[in-house]
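Notes for the one structure printed next.
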Amino acid sequence: MLQLQYIKEHREECISRLKIKNVKDLEARVDEILAIDAERRALQVKADAVKADQNRIAKEIGALMKEGRRDEAEDRKAESGKLKAESEELASRQAEAEQALNEKLLSLPNAPHPSVPEGRSAEDNVVVAQHDVKINLPENALPHWELCQKYDIIDFELGNKITGAGFPVYKGKGARLQRALINFFLNEAAEAGYQEIMPPLMVNEASGLGTGQLPDKEGQMYAIPLDGFYMIPTAEVPITNLYRGEIVDARRFPIRHVGYSECFRREAGSYGKDVRGLNRLHEFSKVEIVVIEHPDRSYDTLEEMKHHVGSLLEKLGLPYHVLKLCGGDMSFTSAMTFDFEVWSAAQQRWLEVSSVSNFETFQANRMKLRFKDEAGKPQLCHTLNGSALALPRIVAAILENNQTPDGILMPQCLVPYLGFDRID
RNA sequence: GGAGAGAUGGCAGAGUGGUCGAUUGCGGCGGUCUUGAAAACCGUUGGCCUGCGAGGGUCCGGGGGUUCGAAUCCCUCUCUCUCCGCCA
């Protein structure tokens, strides 16, 4: 969530930044927050004064009792009793104001960086980079779901049987390809300085709140109500929450992590050709990079992360472009996001395989993730993350783009991990 | 799943109704000494809210209660540890 202090001190700037995200009733919501905060502070000043009186009297009673002046102590007790009622009343009003303030703040999205383009939908995203690769498709090129069947490497029907739609079963060379990609991505990230984490695949509610999945995207996660857990939609959740509530040593910046996990998403409301084959799944594998960074350096780090993601796609020999998301297409939590899309030649469409974002202090504020600045004062860190990479659509593009009459050729960089160079 | 013990500051560990935001040790930071370092010695060392400031308030796992007053007493939840059972 946004920092209250920022909203207070930069109301105009805050509103103009949020406008880009097409927030409804924006000014009214911001002003309501400011009003509730003012009320809350006024209540606290009053409550503190009453409390101070109570504390003083309680000490006096202690002293009087020690000296054996019981009558005077009893007078004091009566006095304190009156204050108690007043103090309880003030405290409960203050708690109400605090809760209201918190709810309002929690429901306000992150303010986009001033350079984020305006726009309503994905149509308005801006292509900022393009990397072409020549593709020679055979005459009778097949979409990946037919290739999966032809070579018996990914079985969607079997997944339906044992779980349901969107839970494919990888077989033989298809399974081996998954494992190879995961290892390739993890090794590349390790070489780039990211420490590997293998996180739990279920998290508690506090973690969901920390990274912003809760409360507003609750319906997107699979829940385990009996134990109060959620299946993670991305490794971002457990890895970023590793630092929840911490005051980290500024000398550790940037804190770079990479982790592979299965990701679980309900994807309620999805349908049609978008969900065909590997295009959209309920469970998929992803390698994620997460960085905790000093606010002054976070946008440089975002560039480094983009560079890392781009280098992976280039090694895999996939054509891709990079989109800078417009305000209307950005996530609730992000201040700036770049999407990487690969060209899937047989489907003739772009598939999103990575999303790299800077959240600035939005997540850090929710999870109280801080560092000490030069003056020794705690400040919020910036958090960033990006897919590096999500497997299914990478697999779809590899299968489609590299198909030949003699089988599907594997990218050279994967051969050492695979132990074969083609699927046939 | 059954039985028991526990949760205090970065860590360890005192504190069982009043002057305790909390003894002490370690660690951290600053200094003295030293060519430098170590050792030794001295000092210092939490977060949050509020206030221009002085200051005030708050926090001893979470929530609730008793009391003029709670780290300390009561209830409850969560978590951790030990033993038994089960198990990869």
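Note on naming: letters A, B, ... go to the chains in the order of the sequence lines (proteins, then strands), and numbering restarts at 1 for each one.
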Exercise for review: Answer yes or no: does atom CD of A:E205 have more than 12 heavy-atom neighbours from other residues, nucleotides or ligands under 6.0 Å?
Suggested key: no
Practice item. Tell me what A:R41 touches on the nucleic acid: a base, only sugar-phosphate, or nothing, going by heavy atoms under 4.0 Å. Key: sugar-phosphate
**Study point:** Sub-6.0 Å ring centroid separation between A:Y222 and A:Y230
**Key:** no
Review point. Mapping A:K8 and A:A58 to their closest nucleotides on RNA chain B, which lands nearer the 5' end?
Key: A:A58
Check your understanding: Would you say a side-chain N or O of A:K51 is under 4.0 Å from OP1 or OP2 of B:U58?
Key -> yes
Practice item. Could you state the atom-to-atom distance from CG of A:L90 to P of B:U58 in whole Å? Key: 13 Å
Check your understanding: Of all the nucleotides listed (B:G69, B:G56, B:G18), which has the minimum atom distance to the side chain of A:K84?
Key -> B:G69
**Study point:** Identity of whatever pairs with B:A38 - Watson-Crick or G-U, under 3.5 angstrom
**Key:** none
Revision key, fill the gap. Scanning all shown strands, the Watson-Crick or wobble mate of B:A54 with both distances under 3.5 Å is none
Review point. In the strands shown, is B:A5 matched to any nucleotide by a Watson-Crick or G-U wobble pair with both distances under 3.5 Å, and which?
Key: B:U80
Review point. Does NZ or CZ of A:K173 fall inside the cone over A:F420's six-membered ring, less than 6.0 Å from its centre and within 45° of the axis?
Key: yes
Review point. For the side chain of A:M65, counting heavy atoms from C-beta on, which of B:G47, B:C68, B:G56 is nearest?
Key: B:C68
Exercise for review: With a 3.5 angstrom cut-off on both distances, give the Watson-Crick or G-U wobble partner of B:G17, or none if there isn't one.
Suggested key: none
**Study point:** Position toward the 5' end of RNA chain B (nearest nucleotide), A:A52 or A:G81
**Key:** A:A52
Point to revise | Sugar-phosphate, base or nothing in reach of A:K59, heavy atoms under 4.0 Å | key: nothing
Exercise for review: Mind calculating the distance between CD (A:Q44) and C1' (B:U58) to the nearest angstrom?
Suggested key: 8 Å
Practice item. Check the pair A:E304, A:R256 against salt bridge (Lys or Arg N to Asp or Glu O under 4.0 Å), reporting the backbone distance first and the verdict last. Key: CA-CA 11 Å; A:E304 286 170 22; A:R256 284 190 261 248; 3.1 Å; yes
Review point. Taking atom C1' in both B:G47 and B:G61, what distance in whole Å separates the two?
Key: 16 Å
Exercise for review: Would you please confirm or rule out a distance under 4.0 Å between OP1 or OP2 of B:G47 and any side-chain N or O of A:R370?
Suggested key: no
Review point. Taking atom P in both B:U67 and B:A14, what distance in whole Å separates the two?
Key: 32 Å
Check your understanding: Given B:U58, is OP1 or OP2 found less than 4.0 Å from the side-chain N or O atoms of A:N55?
Key -> yes
Review point. Cationic tip of A:K324 within the cone over A:F338's six-membered ring, i.e. under 6.0 Å and within 45° of the normal?
Key: no
Exercise for review: Using whole Å, report how far CZ of A:F229 lies from C1' of B:C79.
Suggested key: 11 Å
Exercise for review: Determine the contact category for A:I61: base if any of its heavy atoms lies under 4.0 Å from a base atom, sugar-phosphate if only primed atoms, P, OP1 or OP2 are that close, otherwise nothing.
Suggested key: base
Exercise for review: May I ask you to verify if any side-chain N or O of A:K372 is less than 4.0 angstrom from the OP1 or OP2 atom of B:G46?
Suggested key: no
Review point. Taking any strand in view, what nucleotide pairs with B:U24 in a Watson-Crick or G-U wobble way, both distances under 3.5 Å?
Key: B:A12
Check your understanding: Using the P atom in both, what is the distance from B:A39 to B:G57, to the nearest Å?
Key -> 41 Å
